[in-house]
Amino acid sequence: ESPHFPTEEKLQKICHLLDQEIHYFNWTGFYFRNGDKDELILGPYVGAETDHTVIPFGKGICGQVAVSGETFVVPDVHDQDNYLSCSIDTKAEIVVPIIKDGENIGQIDIDSHKLDPFTAEDREMLEWLCAEVAKIL
Ligand code: SME
């Protein structure tokens with residue numbers, strides 16, 4: 001990796017750019033698999049501090065995507081039983097996996113304060129972004 005712009009900083013920059021660009025992206029962050037443990041750990045993010053710095057596989061929207069390897073769009077978090085609340089302001093969430101060499105190694109997680117805000121274009125853009133991110137990891 002480049003010594004002047006390390007991967008960690010690139011991921012942080014991506015969070016900042018998404019947060020600035022799309023007004024209904026109100027928490028934007030990365031989670032990554034913790035070695036070979038069945039848990040996610042919080043990576044770079046922009047938004048309110050969260051208690052969920054470690055998420056076991058299967059728990060919450062993030063933990064479910066860690067298992068499924070599929071994008072999970074949640075138009076209304078109140079409809080979800082298996083959900084970990086980070087903020088009472090969050091109404092919707094999208095989680096997109098990062099797949100490298102066929103392996104589910106992490107994800108981008110976006111929370112919104114708006115109900116049902118995510119468009120098909122958002123989803124496509126985030127899936128493209130995660131494919132690009134996989135290349136630098
Ligand atoms: N809501 C997520 C937890 C992570 S916070 O949104 C940052 C979930 O249910 O997995």
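Each ligand, and each atom within it, is numbered from 1 in the order the structure gives. FYI, side chains are in, hydrogens and waters are out, and symmetry mates aren't considered; it's all heavy atoms of this structure.
- Contacts of C62 with ligand 1, taken as heavy-atom pairs under 4.0 Å, involve both backbone and side chain.
- Scanning the protein heavy atoms around atom 7 (C) of ligand 1, the nearest turns out to be C86 SG, 2.9 Å.
- Taking a cut-off of under 4.0 Å to the non-hydrogen atoms of I61, the atoms of ligand 1 that pass are 8 (C), 9 (O), 10 (O).
- In terms of protein heavy-atom proximity, atom 6 (O) of ligand 1 is closest to D111 OD2, 2.8 Å.
- Legend: salt bridge (Lys or Arg N to Asp or Glu O under 4.0 Å) pairs involving residues 23-52, not counting sequence neighbours, sorted by first then second residue: R33-D38.
- Counted by atom type alone, Y45 and D109 present zero donor-acceptor pairs between their side chains at under 3.5 Å.
- For a threshold of 3.5 Å applied to N or O pairs, the pair formed by E93 and ligand 1 contains at least one separation below that value.
- Between the side chain of E9 and the backbone N or O of F5 there is no donor-acceptor pair closer than 3.5 Å.
- Here is the list of ligand 1 atoms found below 4.0 Å of a heavy atom in W27: 7 (C).
- Between the side chain of N82 and the backbone N or O of I61, no donor-acceptor pair lies under 3.5 Å.
- Between the side chain of W27 and the main chain of S112, no donor-acceptor pair closer than 3.5 Å is present.
- Within the 4.0 Å heavy-atom criterion, neither part of Q64 lies near ligand 1.
- Atoms of ligand 1 lying under 4.0 Å from at least one heavy atom of Y31, given by number and element, are 4 (C), 7 (C).
- Remark: side-chain polar atoms of T50 are not paired, donor with acceptor, to backbone N or O of C86 under 3.5 angstrom.
- The local environment of NZ in K59 is sparse, with at most 12 non-hydrogen atoms from other residues, nucleotides or ligands closer than 6.0 Å.
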Throw together a table of side-chain donor-acceptor distances under 3.5 angstrom for residues 126-134, partners on residues two or more places apart or in other chains.
unit_1	atom_1	unit_2	atom_2	d
E127	OE2	T71	OG1	2.5
E127	OE2	R123	NE	3.1
E132	OE2	K135	NZ	2.9

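- Taking only nitrogen or oxygen atoms, main chain and side chain alike, N82 does not reach within less than 3.5 Å of ligand 1.
- Every heavy atom of Y45 sits 4.0 Å or more from the atoms of ligand 1.
- Compare D109, L84, L40 by their heavy atoms: the one nearest to atom 4 (C) of ligand 1 is in D109.
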